[in-house]
Novice: 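This is the structure, below, for whatever I ask next.
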Amino acid sequence: MIWFSMAALALAALYCVVRSVLDLRQKRYVGGILGLLAAAAIVTTPVPTHAVKVVLPYAPPAH
């Protein structure tokens with residue numbers, strides 16, 4: 001299910017970027033800047049993942 005969450009966040013960030021570009025082109029600077037900030041916040045939010053720890057057997061160095 002993590003791929004669904006990542007896809008949803010990517011679409012939301014893409015929407016924010018497109019909307020902010022449209023706002024900036026129409027000289028609505030506050031909306032454009034807020035859209036870019038929202039996209040940056042979405043993209044930089046850490047996503048928890050499951051870490052896997054692999055324990056390898058110890059081999060003493062050969063002489």
Novice: Could you state the interatomic distance from CZ (R19) to CG (L24), rounded to the nearest 0.5 Å?
Specialist: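 So the CZ of R19 and the CG of L24 are separated by 11.0 Å.
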Novice: With a 4.5 Å cut-off on side-chain heavy-atom distances among I, L, V, M, F, W and Y, is there a chain of contacts connecting V54 to Y58?
Specialist: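 Hydrophobic grouping puts V54 apart from Y58.
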Novice: Measure the CZ-CG distance between F4 and L9 for me, rounded to the nearest 0.5 Å.
Specialist: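 One gets 10.0 Å once the value is rounded to the nearest 0.5 Å.
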Novice: Please report the closest heavy-atom contact between A39 and V17, naming both atoms and the distance.
Specialist: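 Result for this residue pair: CB-CG2, 3.6 Å.
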Novice: Could you pull out the closest heavy-atom pair between G32 and S20, with the gap in Å?
Specialist: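 Minimum heavy-atom separation between G32 and S20: O-CB, 3.1 Å.
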Novice: Check C16 against A38 and note the closest heavy-atom contact, atom names and distance.
Specialist: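 For C16 and A38, the tightest heavy-atom pair comes out as SG-CB, 4.0 Å.
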Novice: Are Y15 and I42 linked, directly or through intermediate hydrophobic residues, by side-chain heavy-atom contacts shorter than 4.5 Å (ILVMFWY only)?
Specialist: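 I42 does not cluster with Y15.
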